[in-house]
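Every chain is numbered from 1, with letters handed out A, B, ... down the list of sequences.
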Amino acid sequence: MGLSPASPRVNFPELEERILRFWAEQDVFRKTLEARQGCPQFTFYEGPPTANGLPGVHHVLARAYKDAIPRYRTMRGYFVPRKAGWDTHGLPVEIEVEKELGINSKREIEAYGVAEFNRRCKESVFRYEREWVRLSERIGFWLDYEHPYVTFSNEYIESVWWILRQLWDRGLLYQGYKVVPYCPRCGTPLSSHEVALGYRETEDPSVTVRLRLRDQPGTSLLVWTTTPWTLPANVACAVHPQVAYVKARQGDEVLVVAKDLADAVLQGPYEVLEEVRGESLVGLRYEPLFRFYPEGDRLWRVWAAEFVTTEEGTGVVHMAPAYGEEDMELARRHGLPVFHPVGPDGRYTEEVPPWAGRFVKEADPEIVADLRQRGLLYRAGTYRHTYPFCWRCDSPLLYYARASWHVAVTRCKDQLLRANEQIRWVPEHIQRGRFGNWLENVVDWALSRERYWGTPLPIWVCEVCGLQHCVGSLAELREMAAEQLPEPLDLHRPYVDEIRLRCPRCGGTLRRVPDLIDVWFDSGAMPVAQWHYPFENQEWFERSFPADYICEGIDQTRGWFYSLHAISVLLFDRPAYRNCVCLELVLDEHGEKMSKSRGNVLDPWSLIQRFGADALRWFFFSVSPPGMPKRLGPAAVEEVVRRFFLTLWNTYVFFTTYASLDRFDPLGWPAPPVKERPALDRWLLSRLAGLVAEATESMEAYNPTDAARAVERFVEDLSTWYVRRGRRRYWKARDVQDQRSAYHTLYEALVTTAKLMAPLAPFLSEELYQGLVRAVDDGAPVSVHLTDWPQVREQDRDVELERAMEEARWVVSLGRAARSRVRIRVRQPLASAVVVAPQSLLHRYPELVEHVSEELNCKQVELVGQDSARVEYEVRARFDVLGPRYGPKVQELAAALERLSPEEVRRVALEGRAVVEVEGEQVELGPDELDVRVRQREGFVAEAGRGFVVVLDTRITPELRREGLVRELVHHVQQARREANLRVDQRIVLSVAGPPELVEALEEHREAVAEDVLADRVELAGEVEGFRREVSILGQPVTVVLRPLT
RNA sequence: GGGCCCUUAGCUCAGGUGGUCAGAGCGCGGUCCUGAUAAGACCGAGGUCCGUGGUUCGAGUCCACGAGGGCCCA
């Protein structure tokens, strides 16, 4: 037992591997959960990754953030269960398997066999799972990987079915159309990714057609299209309400087009009769182009729509809801019928007798001819543009309405918006911005997918009476089944398709609709389905809903964030999560998006093996707030290690080195009351209390970035000021009380820092904790992650002392700058320095002036208030005070102050008040209105700034010079000790040979030297055995020889 | 085309509620300090705070317009 010295040579990746083994042996994660059993629960939801690809470095970012908050909450005394989950269904999985099989169409999948195909899908999903777990564990992402939820399991699917049944019972599931890019030859819709593969330049018809207005004979709207085949399905046309339109006479007819497009559309001369805004056209009725459908009240009218542009066409847009997404949306909003006279093969149906059976694209010319013949065609030509083709078979794609099941989300839009108000978003702007806007414009959720590997839509339809039934549980399925169900039951296709139900109404047979549901519904169902609720675990579900915290990439606003939110609001009218952190992209070193095609994808393992997981985690936390993109490269991670980790580590090494030499015992040594400790210690403890407050506040606000940066600043102060200033208190302690104070203060700072870092850098934190706490206290918790988060010790805070220390450090800076200016090295002692500091807090802290004196190597530092001989003043206006008081006159006042003569300035500065004349008026300004600053006076060696002047006495007397020589010698001896690899407490005999001046100096200061370099004897002869070094002191050769004593 | 975000030193980033010399780290050159340090200190070079207007006594900060970049969606 007891502290042992840590090695300055540290290998962070190795250290982390060791910690991982320690956690595993001690089962620390489980212990952290057990320790908080019965405490208030803090709920985290894991957004299930699709485990069909290798995890990348951006996943490390997300997983680090996911990990940090639960660790923090655990330390704050919450029970934080963390269930892993895997998203296993969907098109990406199917495509992966298609690739393996060398096939690429639904037809081929069916030929191959759906049962076997789905078996392979299931298998492929877990191919990468092991890699995901391996990386997650290596980066310290604590999650229960042994009991994950898996979206393909029967339990999960049953819960999803239960949800759908709830929606069904409330009439929120309906069958409607969804317009999709569709290949008529392959008979399948294409994903947006597939569509993007097939864009190409092509020539299409370009026709402009008359729509004759019913109530204004001789007047027509002109509409333009490149797809004449959609005209038979026309139900309406649309204008932009704010755009200007003209009624133009041309020959014996009047034509209506957008004003800006009139010249382009109207051939030949025309006369503008009237100019109107689009909104005044709304409601007009026109004669249909074709008579294939019966009249209807809402049919063939003009509607307003924001999507209409005047970029091309006529400004009046033909609407065929079955063949355009915007058209369909308009039809839905206004309750228009959908005419859909095209079959899945791309040919007209019997609804359009003249062209029934014709492929639509081939019918284009005939339709144009028909319109021309009836005098409805205004103009016809061709049009070159880019258009999507099927990437498999090269057929032109049709935008085409497919029958599809929808969730009527729009009916709950208000609840969606209201629930969003209850969520804390990080960054904040997502709430009103990206997510809020998305909800404002929400459309019904097109739920069904015509695919194979996914959760089947549990809707069965009676062949006889047409009854539709939504199955809500397995029990119900068994009960309604026409025959005994096979066991074990697989709820996937094709098995589920074979299940027939008996019709409760007519006794006929129900068959399942063939569709699957959108995978986003799977993941959004996770709060319910991860527990197989409501069939099991009711209490777990209730305790764990809603989540306190989720975190994913910002791309999930329309993905998981939305699906969770929508399902939760539909079911429970509550948000599914209270706090949501959105992460931005990880870019490469040059700020480019990482992508396989660019070849700039960084492997997380290479970074982890070089620098460790903590360094990568810390980089992600500290480099920028979560909502900002992050540029990542090896250099950036290396900098974290060098700048922060090693600084902290070296402080730790320093502490353990001397603490073990002195047998410091944190439990046994009495700790002096903070108020009785030296100012340096009180300063550090005040900084520490401030740090705890800031880190706590930041972590509470889901802002690890500010917490990390605060810790960095503290460690910087700790290493470069506190330890630097206090070094001798450890290795040359004369005063027991002071030594105790020093050890306890530094110990406290290191232990607390370790705890504050624990959520962010769990490995390094653990190592420090083990070395500092567990090494001396068997009774302490086994792991830092089992400890409580530090409390803010308000009584330690001393803001004034912190400010005074800032001033002391600033004075030191000035002093060093002055030395540098006159080229006097710091090792050369000087007799005195004068610090002019009229309003400084330093007057109250003589101890801090002592530190300044040591740091500047000036035997005396005199702090003076106002020293008229050495400094000049300048007096300026305090704009922040005078501005509100005098308004515009403030500039006049400032100018008046600038006009003061040097003598007047001096008087004003010393008296603290000024009388100036502005616009013939006398204005008196008091101390709070004046900004009095001192500045350096010419002719002195001094530096000035921020109200301070430091003046050095640069006279080097022979005594001072000898002291300087001795300091040089000591420095070289220490250097030699280090080169000789002596233990820090190794005593020696020192022999020195050099010029007479040095010898003289050494004789004068022999004892001090001996004490500094731990020499029992100092000899003035170079010719002895030992560790020999030839050095140069102020240009003169000197020999030093060290002989270790046994 | 729409929505949101970003733009401050060569690079990475700070800069509550407007207050008059704009900061840090890294990198570069130089000098120095060191019984923990691969660290640190000091000096130096390096800024039209993206641009243009506006509000104001006063704008990196607030408003408007514009430019460039990013993300999401069409």
Please pick, from [options], the nucleotide with the shortest atom-to-atom distance to any side-chain atom of [X].
| X | options | answer |
| --- | --- | --- |
| A:R631 | B:U12, B:G19, B:A36 | B:U12 |
| A:I554 | B:C26, B:C5, B:C71 | B:C71 |
| A:R434 | B:G70, B:A36, B:A14 | B:G70 |
| A:N437 | B:A36, B:G3, B:C42 | B:G3 |
| A:T720 | B:G19, B:C71, B:G40 | B:G40 |
| A:E968 | B:A36, B:C4, B:C33 | B:C33 |
| A:R642 | B:C26, B:U12, B:A36 | B:C26 |
| A:S813 | B:C71, B:C42, B:A36 | B:C42 |

For [N] and [M], measure between their [atom1] atoms and round to the nearest Å.
| N | M | atom1 | answer |
| --- | --- | --- | --- |
| B:A59 | B:G51 | P | 15 Å |
| B:U17 | B:C63 | P | 11 Å |
| B:C28 | B:G10 | P | 16 Å |
| B:C26 | B:A41 | P | 8 Å |
| B:C33 | B:U37 | C1' | 13 Å |
| B:U20 | B:U61 | P | 15 Å |
| B:U7 | B:C50 | C1' | 6 Å |
| B:G25 | B:C65 | C1' | 36 Å |

May I have the distance from [X] (atom [atom1]) to [N] (atom [atom2]), rounded to whole angstrom?
| X | N | atom1 | atom2 | value |
| --- | --- | --- | --- | --- |
| A:D717 | B:G25 | CG | C1' | 14 Å |
| A:Y562 | B:G3 | OH | C1' | 17 Å |
| A:R558 | B:C71 | CZ | P | 15 Å |
| A:N441 | B:C73 | CG | P | 14 Å |
| A:R643 | B:G40 | CZ | C1' | 14 Å |
| A:L3 | B:A36 | CG | P | 18 Å |
| A:D1012 | B:C33 | CG | P | 16 Å |
| A:F561 | B:C72 | CZ | P | 13 Å |

Side-chain ion pair, [X] and [Y], N-O less than 4.0 Å:
| X | Y | value |
| --- | --- | --- |
| A:R809 | A:D717 | yes |
| A:D1012 | A:R728 | yes |
| A:K630 | A:E584 | no |
| A:E929 | A:R876 | no |
| A:E712 | A:R643 | yes |

With a 3.5 Å distance limit and no angle check, can you tell me whether [X] reaches the backbone of [Y] through a side-chain donor-acceptor pair?
| X | Y | answer |
| --- | --- | --- |
| A:T705 | A:F621 | yes |
| A:R709 | A:S622 | yes |
| A:S698 | A:P704 | no |

Nucleotide pairing, RNA chain B (Watson-Crick or G-U, distances under 3.5 Å), in dot-bracket with [ ] and |: (((((((..((((.....[...)))).(((((.......))))).....(((((..]....)))))))))))).
Look at all strands and tell whether [X] reaches a base, only sugar-phosphate, or nothing, counting heavy atoms closer than 4.0 Å.
| X | answer |
| --- | --- |
| A:Y652 | nothing |
| A:V723 | base |
| A:R876 | sugar-phosphate |
| A:P625 | sugar-phosphate |
| A:L1014 | base |
| A:S719 | base |
| A:V1013 | base |

Spacing of CZ belonging to A:R333 relative to CG belonging to A:L330, to within rounding of 0.5 Å: 6.0 Å
A:F655 side, atom CZ; A:S660 side, atom OG - distance, nearest 0.5 Å: 9.0 Å
5′-ward residue of the pair A:Q986/A:D880 relative to RNA chain B: A:D880
RNA chain B: 5'-proximal contact among A:S624 and A:E639 (nearest heavy atom): A:S624
With A:A895 via side chain to side chain contact (heavy atoms under 4.5 Å, CB included) - residues at least two apart: A:R899
Side-chain N,O (A:R727) to OP1/OP2 (B:A36) below 4.0 Å: yes
Restricting to nitrogen or oxygen on both sides, can you table the protein-nucleotides 57-66 of chain B pairs closer than 3.5 Å?
residue: B:C57; atom: O2'; partner: A:Q891; partner atom: NE2; Å: 2.8

Under 3.5 Å side-chain donor-acceptor pair for A:Q739 and A:D662: yes
